[in-house]
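Reading through the structure tokens given below for one structure.
Index from 1, following the sequence. Indexing begins at 1, ligand by ligand and atom by atom, following the structure's order. Because the structure is a prediction, the values reported are computed rather than measured.
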Amino acid sequence: MLEIYNSLTRFKETFKPLHEGHVGMYVCGPTVYGDAHLGHARPAITFDVLYRYLLHLGYKVRYVRNITDVGHLEHDADEGEDKIAKKARLEQLEPMEVVQYYTNRYHRDMAALNVLPPSIEPHASGHIIEQIAFVQKILDRGYAYVSNGSVYMDVEKYAKDYPYGKLSGRNLHDIIAETRELDGQAEKRHSYDFALWKKASPEHIMHWPSPWSEGFPGWHMECSTMGTKYLGEQFDIHGGGLDLIFPHHEAEIAQSCAALGHESVHYWMHNNMITIAGKKMGKSYNNFITLEQFFSGEHPLLSKPFGPMVIRFFILQAHYRSTVDFSSEALEAAEKGLLRMQEAYQRLLKVQGDKVQSTKGIDISGLRTRCAQAMDDDLNTPFVIAALFDSAKAINTIPDGKATISEADLKELREVWKTYAIDILGLRLEEQGDGDESQRKAFHGAIDLLLGIRLEAKKNKDWGTSDKIRNELTALGFQIKDTKDGFEWSI
Ligand code: ZN
């Protein structure tokens, strides 16, 4: 029986991959029947940072993140209908059109957040044969039963031989108390038995032939199957959101033990949840904000649009195991923080190393050590950010001559920033020109100059020139207001 770790403190010492130099990592991906929201961004970014960190440490990583595109009944239990199938029925689309549409949009959003693509992105619908074989193994080992064309895990029998609930710290009694009355209750021996294969009802449009019925696999089955198919019967890391521990990951452990006789996962890692103004995100609260809405600012809870790097920075400012509470104010604060980082990084790229003077006022090896220790301590990204902020403060004093830096040290400082801010935290710091003082000055100067010419034209009653400047600037997104003393403008 493998041990279970829920955190990786002193990562470099305690993390022992099953195969030296190689890491197999599986993360539960999205169910693709709607746009990605803040709740999707957190696991994607958390495990992206882990992936980047493992690569930085020199591991060869096979990162598998699945696409759930069949049989997700969990939250729509009353209707007993797959959400993708439901969307397809309502919009008169082929289910795979729904899947492709939202998969493409998910990829677009992940690319915007600078989340690296996984090594393999398997779809549940592409692994039906493997899932049927996995269910058959569990039946052969006597831990499942067939009932009315569906196959259920025999949880009571399983719990006699294996510690069911070990990941979530639950026992069977707790689980009975928590189990809701779900679809197919009558055919199960116990309420806590979960479906490995479900017979499709006549209106269910996504179904496949199997030895038991025309139907579809239970939700938990895909991750057991695809994880072991691509990473081996045992692999290193399995990640996902905290809300997946039970029932999803507990069920995965049970399926692996039941089919293979042992657990598959060596380290479990879970990111905590995001709340919105203290409330859980959920349909009933009507507080889902999609990433697209964040980027465009089109949601009543948002004061303005927020760029993808602000979202990424906001998430990384908290440790992945702490909760994060979203509010527009918190994002505005994150935006300011990110801007400070951008300014410092851009200054760092522009500053000239001093050939004569030695380095003064900048602690480069201290920065490297702090960043390395923070990442080693269970991916403590807020500590990395704090160290970079301290460094930013010092960098900002170089132009005033309060700090000086030698050429060799400048090279090293740039390298430390690139390693931790760009490569590991995955922040794009070079992009926005906002941080560039001289660029901003030149831009403001040019607009003031144009509006000055317009003012002159107005005085001379040259309405053609005056209107042309006003209209074309307005078309570019400027707001121009004439005042007593001249003009004001904003974007
Ligand atoms: Zn999963």
Next on the checklist: Set out, in order, the CA-CA distance, both residues' side-chain angles and the distance that settles side chain to side chain contact (heavy atoms under 4.5 Å, CB included) for T275 and K279, then state yes or no.
Outcome noted: CA-CA 5 Å; T275 52; K279 277 185 188 153; 5.8 Å; no
Checklist entry - List-wise, which protein N, O or S atoms are found short of 2.8 Å from the Zn ion (ligand 1)? => result C28 SG, C223 SG, H248 NE2
Item to check | By ring pair (Phe, Tyr, Trp, His ring centres under 6.0 Å) - contacts of F11 (at least two apart) | outcome: F15, Y53
Checklist entry - Got a sec, which residues hit side-chain hydrogen bond (donor to acceptor under 3.5 Å, both in side chains) with T228, two or more places apart in sequence or on another chain? => result none
Checklist entry - Backbone N or O of H220 within a donor-acceptor pair of the Q255 side chain at under 3.5 Å? => result yes
Item to check | Aromatic F216 / basic K198 pairing, under 6.0 angstrom, 45° off normal | outcome: no
Next on the checklist: Once salt bridge (Lys or Arg N to Asp or Glu O under 4.0 Å) is applied, what residue pairs with a partner in residues 45-62 remain, sequence neighbours excluded?
Outcome noted: D48-R52, D48-R312
